[in-house]
Amino acid sequence: MNRIYIFNTLTGRKEPFEPLEKNRVKMYVCGPTVYDDVHIGHARTFIFFDFVRKFLEYVGYDVRYVLNITDVDDKIIRAARERGISSLDYAEEYTRRFLEDYLALKLRPPDVFPRVTKHIEEIIDFIQKLIDKNFAYTAPDGVYYRVKAFKGYGKLSKRSLEEMLVGARVEVSEGKKDPLDFALWKAKKKEEDVCWSSPWGSGRPGWHIECSVMSMKYLGEQFDIHGGGSDLIFPHHENEIAQSEALTGKVPARYWIHVGMLQISGEKMSKSLGNIIKIRDILRRYSPEVVKFYVLNTHYRKPVDYTEESLEEAKKTLDIVVRAYDALGTLISSGDYKHSFRITDEEMNILYSIRGTKDRVLDALSDDFNTREALKELMRLSKDVYQAIVDDKIKSLTVAFQLREFIGDLSNLFGILEEKPISEEHEILARVIEEILKLREEFRKVKNWEVADAIRAALNRAGIHVDDTRRGPVWRIIR
RNA sequence: GGCGGGGUGGCAGAGGGGCUAUGCGACGGGCUGCAGACCCGUUGAGCCGGGUUCGAGUCCCGGCCCCGCCUCCA
């Protein structure tokens with residue numbers, strides 16, 4: 001197994017990855033607050049961590065993956081009020097919509113999708129323990145975390161308490177004893193419609209506590225990877241560490257991974273600029289595979305600037321892989337390779353190149369998940385393969401099969417190929433098309449171009465693209 | 001102001017002291033009935049100023065500029 005290196009925000013360095021348990025990885029990622037539909041920036045984070053999970057599994061780890069949903073918060077309450085429905089109904093609706101989007105992206109659901117509103121009792125217990133340990137105190141408007149009681153505060157975001165105070169626009173709140181303190185429990189305000197009873201009166205959880213509680217519940221006091229967008233480093237993850245470590249004496253997660261922000265044409269995505277791009281709108285125009293390729297084609301820590309053209313370009317580039325994969329499928333199902341079991345030298349070379357590609361891909365991915373570099377290798381191989389097909393250098397069924405399997409497996413790791421098993425239907429379709437193309441060849445032989453072109457055009461209308469190459473027509477399904 | 005990440009060819013975007021990144025594009029040519037695909041070639045780069053070195057996009061120092069976070073934020 002390759003050693004994996006991960007850039008850890010906590011230490012500010014790339015470090016060798018060693019999970020707590022030998023072959024197991026426990027990973028917690030901060031999901032959305034469901035006050036609106038998820039956008040392309042959220043999608044970047046989810047796509048990336050879905051990939052991390054698959055990659056870790058690919059190299060042999062057993063991964064337990066938790067992605068939380070925050071379904072109670074100020075913004076939800078406000079938005080619900082504007083719509084005139086209850087906060088819980090509102091959150092329910094957007095939770096459902098989030099799950100729809102998640103599945104539409106063809107991401108594998110995590111092992112657990114914990115929701116804050118389903119963990120209120122545990123949250124209350126957790127807060128009580130922090131009060132008992134004197135890391136928290138009650139006030140008329142809720143319960144606050146005593147930041148100065150936790151000496152490691154600031155270690156994740158690399159800032160000192162003084163820095164945070166200078167020029168910081170810290171929220172003033174009547175019950176706070178120190179401006180740096182943050183709410184663990186917010187007492188119900190009269191205009192708010194969602195609350196639970198607690199030893200400190202009715203109210204609701206503060207923003208950061210749910211992640212401490214839910215990660216501990218599902219992954220234990222200490223787990224391997226904690227992820228999220230880089231905007232969560234401060235204060236969310238900083239506070240999460242403060243909460244959890246105060247209780248257990250341990251940093252909750254050993255490796256903190258943060259995904260860079262996505263901008264829209266050079267500007268921050270924000271409600272006020274009105275440039276939020278919802279993932280469901282993108283998926284109306286591009287396949288989930290293209291979106292995933294687009295996201296993984298940039299290193300996860302780099303900021304990405306989303307533009308209209310960028311997805312179009314991603315689509316074109318991804319097509320290099322799709323084309324090779326489909327052409328191999330066509331070769332296999334078309335049947336004119338069944339005879340050949342001898343492997344030529346040229347084919348041997350191609351098979352060898354699989355090996356090299358695989359090594360380079362694993363090396364790239366092991367180096368802080370360099371998906372860009374890995375995809376480059378996949379593209380390079382795909383180009384070579386397609387070229388070999390066009391040059392009629394692939395003669396044997398076994399070679400075609402191995403190449404297809406390799407490209408398919410690798411693409412699956414990234415989730416960038418639509419699943420298209422070679423089914424019986426596919427084989428029948430292939431035979432039909434082959435027969436049609438044979439007829440067309442007859443017309444071409446006698447230079448009846450009108451009929452030949454008409455056939456080609458007809459197939460194109462039916463979604464079959466035909467290329468006339470040196471080895472004869474190569475067709476594939478376009479979408 | 002503090003913290004973090006950057007500045008690479010027309011665009012996107014890697015690597016990271018000497019070895020073609022890659023993709024999109026542009027230009028010329030080949031193949032081809034046409035279209036497409038494919039092939040060959042050309043084009044074109046490293047923010048600025050110093051330094052280290054036989055040699056620097058790549059390391060060091062100093063600038064300049066951009067972006068993010070520091071407030072709800074994936």
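Just so it is clear, the structure is predicted and the values come from calculations on it, not from any experiment. A note on names: the letters A, B, ... follow the listed sequences, proteins ahead of strands, and every chain is numbered from 1.
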- [ ] Check whether any side-chain nitrogen or oxygen of A/R323 sits under 4.0 Å from OP1 or OP2 of B/C38, and answer yes or no.
- [x] yes
Open item on the list: Please pick, from B/G33, B/G7, B/C67, the nucleotide with the shortest atom-to-atom distance to any side-chain atom of A/R444.
Closed with: B/G33
Open item on the list: Let's test your reading of the model: under 3.5 Å, does the base of B/G23 pair with the side chain of A/E313 as donor and acceptor?
Closed with: yes
- [ ] Identify whether any heavy atom of A/G41 sits under 4.0 Å from a base atom; if not, whether one sits that close to sugar-phosphate; answer base, sugar-phosphate or nothing.
- [x] base
TODO: Please determine, for the side chain of A/D391, which listed nucleotide (B/C38, B/A21, B/A74) has the closest atom?
DONE: B/C38
- [ ] Establish whether the base of B/A14 is bridged to the side chain of A/K376 by a donor-acceptor pair shorter than 3.5 Å.
- [x] no
Open item on the list: Counting the atoms with a prime plus P, OP1 and OP2 as sugar-phosphate, which does A/S310 contact under 4.0 Å by heavy atoms, base, sugar-phosphate, or nothing?
Closed with: nothing
Open item on the list: Should A/Y386 be counted as stacked on B/A37, where stacking needs a ring-centre gap under 5.5 Å and an angle between planes under 30 degrees?
Closed with: no
Open item on the list: Categorize A/D453 for me: base, sugar-phosphate, or nothing, with a 4.0 angstrom heavy-atom threshold over every strand shown.
Closed with: base
Open item on the list: Of the listed nucleotides (B/G33, B/A12, B/C34), which one gets closest to any side-chain atom of A/W449?
Closed with: B/G33
- [ ] Please evaluate the base of B/C34 for a donor-acceptor partner in the side chain of A/D468 within a cut-off of under 3.5 Å?
- [x] yes
TODO: Just compare B/C24, B/A74, B/C67 and give me whichever is closest to any side-chain atom of A/M261.
DONE: B/A74
Open item on the list: In whole Å, I'd like the distance from the CG atom of A/N370 to the P atom of B/U22.
Closed with: 16 Å
TODO: Round to a whole Å and report the spacing from CG of A/L156 to P of B/G2.
DONE: 20 Å
- [ ] Measure from the side chain of A/R372, starting at C-beta and using heavy atoms only, and say which of B/C3, B/A14, B/G23 lies closest.
- [x] B/A14
Open item on the list: Could you tell me the Watson-Crick or G-U partner of B/A45, where both distances fall under 3.5 Å? Say none if there is no partner.
Closed with: none
Open item on the list: Regarding A/G31, tell me which of base, sugar-phosphate or nothing describes its non-hydrogen contacts under 4.0 Å with the strands shown.
Closed with: sugar-phosphate
TODO: Please check the phosphate of B/C67 (OP1 and OP2 only) for any side-chain N or O of A/Q263 closer than 4.0 Å.
DONE: no
Open item on the list: Just to be sure I understand the rule, does A/S157 reach a base, reach only the sugar-phosphate, or reach nothing, if contact means heavy atoms closer than 4.0 Å?
Closed with: sugar-phosphate
